[in-house]
Each structure stands twice: as structure tokens, then as C-alpha cells.
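The structure appears below as C-alpha cells.
Just so you know, residue 1 is the first one in the sequence shown, and it goes up from there.
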Amino acid sequence: MRKKYADETYLRGVTQYHVVTKELKKQNAYIVLKKIIEIDKPFVKNFTLIDNGYYIMEYTPMDKLYNARAFIDENLNTVSYYFDISLGNGVDDGRPYYDDLFLDIIYGNETDNTVEILDEDELQEALESGKITKQDYDLAHSVCSKLADEIQKNKNIFINTDKKQLIRMLED
């Protein structure tokens, strides 16, 4: 298992950024907003996901087994979503984290708004090497399946959150 802090993810090549963390009490979750001020070179898949002036918004719910990430361009348009399935989420000294359980989901422009599941091979390897139990393996698949269904039915709270409003609130 890999413990990942939401304020540290996806910052490779980023030389300057601003980060704000906020607890969303009503949602029992944390939001981490990272504004990219300077990056060595843009991070591009099918679309530019990270560049100067872009944002990475992390959503870490305390009562769900995933961490969600939105890649947002300089015009505050959401480019793509990335979901990490987790064994659990928590907070250390005000820093939200998740215990990465290998399976991931991407959704958005780069997948033509279809749900794509990633890293099945990593999950299988983790089981075979003893990094996770069969129970963890089954849990990852169960959470991933439910989350994929929630995304496809447009019922995911993070996807449906007004990110432009959140960014404006967090930058004030």
C-alpha cells in the first residue's frame, strides 16, 4: 500500500505552485487546490492536463474509499478526472491522504466522457506479491465498480461540484 498526500500528488516537474487545503464539513471531505505557477514542460496525454496557470483539485472524502482529482485549465474548465481507489482516507496534521489501492479510473475529455479503469495489472501484482490481501483485492474491485457506475450515471458528488466557485472561494 502506498500512502499518498493530496497536497503532493502530480507535481513532478512543477517548480512553483500555490496550495490551499480546506475541510468541507458538510461533505465530510477535504479539498486541496494546487495552482501551477511554473512547470518545466506541460504534462500532456491526449490533452494538456498540467501547465502554467492550470489547477489540480484533489477531493478526499473521509467516508468513501477513493480520492478524486480534477485537472482544470487556466480558464477554469475541467479537462479530466482521475480517481484513485483507496483502502482508506485520513488526515495527518491537517494534510489529507489516501492509502492507494492500485486501481484507478479516468473520465473526461481524454476518454470522450467514458469511464476507463486503469492498473488492473498493478492490483494483480500487489496481490501476487503479498502487498495486499485477497480481501483488499476484492474490495478494490467492488469500490471501483460502484464508483464507475456512479460516474456513468452522473451521480458523483465531486464531478457535480461547481469547481469554478470552489476555486474562487479558495483563492480569496
Side-chain angles (χ1 to χ4, degrees), residues 1-25 27 29-62 64-113 115-119 121-123 125-126 131 147 151 156-172:
M1 212 83 45
R2 299 171 290 186
K3 182 184 248 185
K4 294 185 176 179
Y5 287 90
D7 59 355
E8 293 178 350
T9 58
Y10 278 87
L11 293 174
R12 187 176 326 141
V14 174
T15 55
Q16 189 177 0
Y17 66 98
H18 183 268
V19 65
V20 177
T21 301
K22 174 104 173 127
E23 182 179 9
L24 303 175
K25 290 183 181 178
Q27 293 182 22
Y30 283 78
I31 285 283
V32 173
L33 180 67
K34 296 171 274 198
K35 181 173 185 177
I36 308 306
I37 298 166
E38 188 174 316
I39 187 168
D40 293 341
K41 63 180 185 174
F43 180 67
V44 179
K45 291 247 181 177
N46 297 338
F47 294 85
T48 300
L49 294 176
I50 306 172
D51 201 354
N52 296 330
Y54 278 46
Y55 297 85
I56 304 168
M57 184 179 289
E58 303 265 352
Y59 176 76
T60 310
M62 296 296 109
K64 300 193 185 306
L65 296 177
Y66 66 82
N67 183 74
R69 183 176 304 107
F71 297 96
I72 302 167
D73 70 19
E74 73 278 4
N75 297 314
L76 306 185
N77 298 309
T78 302
V79 176
S80 187
Y81 293 95
Y82 195 99
F83 294 82
D84 291 281
I85 306 303
S86 69
L87 188 59
N89 301 338
V91 180
D92 280 345
D93 295 322
R95 296 176 65 206
Y97 69 85
Y98 59 98
D99 292 319
D100 190 359
L101 198 47
F102 303 99
L103 275 184
D104 302 314
I105 292 175
I106 57 173
Y107 174 78
N109 291 345
E110 66 185 301
T111 64
D112 293 323
N113 291 322
V115 173
E116 198 171 302
I117 297 170
L118 305 174
D119 300 333
D121 56 334
E122 286 185 32
L123 181 68
E125 184 180 307
K131 290 180 183 174
L147 180 57
I151 294 167
N156 181 265
I157 191 167
F158 181 61
I159 289 175
N160 293 329
T161 296
D162 184 343
K163 284 158 222 46
K164 289 179 183 180
Q165 179 183 3
L166 256 180
I167 289 170
R168 289 182 185 113
M169 177 191 76
L170 291 170
E171 287 193 320
D172 285 342

(message) Please report the interatomic distance CZ(F83) to CD1(I117), rounded to the nearest 0.5 Å.
(response) 12.0 Å

(request) Please check if the side chain of N156 supplies one atom and the backbone of F158 the other of a donor-acceptor pair under 3.5 Å. (result) yes

(message) Can a donor-acceptor pair be found, under 3.5 Å and without considering hydrogens, that links the side chain of D73 to the backbone of L76?
(response) yes

(message) Between K3 and D99, does any NZ, NE, NH1 or NH2 come within less than 4.0 Å of an OD or OE carboxylate oxygen?
(response) no

(message) To the closest 0.5 Å, what do you measure between CG (N89) and NZ (K4)?
(response) 12.5 Å

(message) Tell me whether K131 is salt-bridged to E125, with the criterion being a basic N under 4.0 Å from an acidic carboxylate O.
(response) no

(message) Does E23 have more than 12 heavy atoms from other residues, nucleotides or ligands lying within 6.0 Å of its CD?
(response) yes

(request) Provide the closest heavy-atom pair for A29 versus P61 in the form atom of the first, atom of the second, distance. (result) CB-CA, 3.7 Å

(message) If only side-chain N and O atoms count, and only distance matters, is there a donor-acceptor pair under 3.5 Å linking K64 with S86?
(response) no

(message) Let me confirm one number: the OH-CG distance from Y55 to L166, rounded to the nearest 0.5 Å.
(response) 12.0 Å

(message) What I'd like to find out is whether the side chain of Y66 reaches to under 4.5 Å of the side chain of I105, using heavy atoms alone.
(response) no

(message) As an exercise, state the distance from OH of Y97 to CG of N67, rounded to the nearest 0.5 Å.
(response) 12.5 Å

(request) Check whether the ring centres of F71 and Y10 lie less than 6.0 Å apart, and answer yes or no. (result) yes

(message) Is there a side-chain contact between R95 and V32 in this structure, where contact means two heavy atoms from C-beta onward sitting under 4.5 Å apart?
(response) no

List the atom pairs, donor and acceptor, that lie under 3.5 Å between side-chain atoms in residues 35-48 and the rest of the protein, sequence neighbours left out.
residue	atom	partner	partner atom	Å
E38	OE2	T15	OG1	3.3
N46	ND2	E110	O	3.3

(request) Scan L24, T21, T161 and name whichever one has a side-chain contact (heavy atoms from CB on, under 4.5 Å) with I31. (result) L24

